[in-house]
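Quick notes on the structure that follows.
Just so it is clear: chains get the letters A, B, ... in the order the sequence lines come, proteins before strands, and each one is counted from 1.
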Protein chains: 2
Amino acid sequence: MNNAWHKEMLAEVKAGGRISDQDIVEKVRRAVLTQRLPPDTKLPEVTLGEVFGVSRSVVRKALTRLASEHVVDQRPNQVARVRAPSIEETRETFEARRLVEGEVAAQLAGRLDAEVMSTLETQARLETDAYERGDEPARIEHSLTIHHLLAEHSPNRVLGAMLTDLVLRTSIVIALYKRPSLASCYLENDHPRLLDRLGKGDGEAARACVNDHLHSLEALLDLRPRENSIDLMSILGRTAEQT
Amino acid sequence: MNNAWHKEMLAEVKAGGRISDQDIVEKVRRAVLTQRLPPDTKLPEVTLGEVFGVSRSVVRKALTRLASEHVVDQRPNQVARVRAPSIEETRETFEARRLVEGEVAAQLAGRLDAEVMSTLETQARLETDAYERGDEPARIEHSLTIHHLLAEHSPNRVLGAMLTDLVLRTSIVIALYKRPSLASCYLENDHPRLLDRLGKGDGEAARACVNDHLHSLEALLDLRPRENSIDLMSILGRTAEQT
DNA sequence: CAACCCCACTTTGTATACAGTTCTCCATCA
DNA sequence: TGATGGAGAACTGTATACAAAGTGGGGTTG
């Protein structure tokens with residue numbers, strides 16, 4: 001576990017009141033998303049308990065939920081670890097998200113009320129602003145907000161919940177497999193264009209737009225098979241630490 | 001909780017060895033699926049613990065997992081209950097499953113090896129047999145096996161896992177909303193026809209076939225709005241469910 | 001008679017103790 | 001040098017005790 005992260009959490013915990021399992025889920029999820037907790041990081045129950053000032057019971061519940069969200073890997077008699085999705089799973093996650101988000105967008109086209117539309121447009125503008133001033137964390141935040149709003153307002157709540165899960169999972173693998181040379185995974189006009197099509201009520205155009213967007217995003221990642229260590233490690237040894 | 005079910009479980013427990021949380025998940029899931037545990041049935045932790053001969057810790061973990069599978073409703077400080085999906089959610093679940101299973105079938109067409117194909121065909125035949133001799137539980141079993149095999153062999157494991165979840169959820173609502181007049185939700189030629197198209201490698205035909213099958217299934221249900229109690233409850237009662 | 005309130009009981013939430021498993025590291029040996 | 005085995009530490013699995021919240025029934029009051 002990461003020591004800087006510990007201190008940060010402890011500070012927040014002291015500030016706030018009582019901590020519930022849901023709080024832990026959200027904090028860990030966010031830390032994974034922002035790579036403050038990199039893949040394969042061990043998350044022992046007692047340590048987490050000390051960090052958040054609760055006992056193992058609460059931590060265990062949180063870890064179980066994080067496992068069902070695919071954020072954490074929980075195996076019997078072993079310490080929970082931050083999940084590191086494989087390259088293949090990354091591709092599959094993107095494909096699944098194209099299918100689901102495309103359908104959600106198609107259903108949503110022309111059905112969003114003015115208030116939500118304007119919130120979406122605001123977020124898109126804020127994303128551009130953040131990009132231009134080089135504030136990557138803020139940019140990601142706004143981008144995520146857009147997709148979460150779409151999921152949340154999906155007329156089909158079942159699909160919406162599935163989309164929420166897929167947005168989280170793609171965000172994690174984007175952080176994981178982003179080409180180091182790229183400062184940002186920002187695609188200039190994609191979000192405004194999507195919002196435009198949603199506003200005009202053209203479902204199929206919106207679906208196509210989502211598809212292109214996600215294909216472009218995936219293309220920004222480095223999904224070539226790794227030669228150097230992962231394969232050797234996973235074949236020969238057991239606990240592959242990193243790279 | 002149901003007393004006949006208690007005895008049944010106790011018998012099984014005594015026969016088998018040690019019980020894990022996963023065992024409880026499977027047994028409860030199956031009991032819900034077969035309506036031995038009808039919707040809204042209370043599932044108190046101590047009672048379940050006594051039934052399975054374990055302490056609350058194990059039961060709690062099982063309940064948390066069942067909640068993430070949408071089988072059980074778990075609210076803070078309240079007894080867990082068997083979930084009763086609304087009519088609207090039922091429609092949405094079917095729609096989601098059409099999207100996902102259609103895609104899985106399309107991808108699977110022409111890619112299934114001979115062994116799996118023959119297992120599928122055997123299950124389809126067994127389903128017909130069971131129907132003809134009026135053995136509904138066996139018929140459901142074989143039908144479920146077919147869909148689970150499709151999910152399991154999906155080239156895209158992410159979609160496959162989503163499909164597994166959706167198959168479970170649709171099965172539950174079918175049991176819930178089946179017209180009482182119908183002895184069975186059996187659609188004579190649907191499964192053989194689907195397998196035929198999968199074998200011939202025609203992806204789009206397979207997708208269409210899945211779509212038709214699921215539309216027909218949904219049409220067998222009684223999804224008319226209920227007058228008597230449900231609506232009043234959700235309008236007057238505490239946590240407004242929707243709209 | 002109906003509505004309301006209060007108290008006892010039931011049930012869940014959290015912490016903790018102990019048992020069983022896995023991991024780590026060091027000493028031993030070929 | 002490299003493999004092996006074992007002791008101890010670290011960690012999870014399970015049970016249980018106590019605290020807090022919710023539920024329901026009986027009695028009181030208007």
| request: Please name the residue in the list L166(A), D165(A), L99(A) that meets the side chain to side chain contact (heavy atoms under 4.5 Å, CB included) test with M162(B). | output: L166(A)
| Nucleic acid contacts - residues 55-63 of chain A versus DNA chain D, non-hydrogen atoms under 4.0 Å | R56(A), R60(A)
Polar atom pairs (N or O), protein with nucleotides 19-22 of chain D, under 3.5 Å:
| unit_1 | atom_1 | unit_2 | atom_2 | d |
| --- | --- | --- | --- | --- |
| dA21(D) | O3' | N77(B) | ND2 | 3.4 |

| query | Going by an N to O cut-off under 4.0 Å, is there a salt bridge joining R56(A) and E45(A)? | reply | yes
| Is it true that R157(A) and E88(B) have a side-chain N and a carboxylate O under 4.0 angstrom from each other? | no
| request: Give the rounded distance in Å between these two atoms: CD1 of I24(A) and C1' of dT14(C). | output: 12 Å
| query | So which heavy atom on I87(A) is nearest to which on P225(A), and how close? | reply | CD1-CA, 4.0 Å
| message | Could you tell me how far apart D21(B) (CG) and dT14(D) (P) are, to the nearest whole angstrom? | response | 7 Å
| query | Do you know the tightest heavy-atom contact between C185(B) and I174(B)? | reply | SG-CG2, 3.9 Å
| field | Set of salt bridge (Lys or Arg N to Asp or Glu O under 4.0 Å) partners for R30(A), sequence neighbours left out | value | E141(A)
| Could you state the CG-C1' distance from L48(A) to dT14(C), rounded to the nearest angstrom? | 16 Å
| task | Could you tell me whether E136(A) and K178(A) have a side-chain N and a carboxylate O separated by less than 4.0 Å? | result | no
| remark: Closest heavy-atom pair, V72(A) versus A80(A), reported as atoms and distance to 0.1 Å, is CG1-CB, 3.9 Å
| request: Can you tell me the distance, in whole Å, between the CG atom of D23(B) and the P atom of dT14(D)? | output: 10 Å
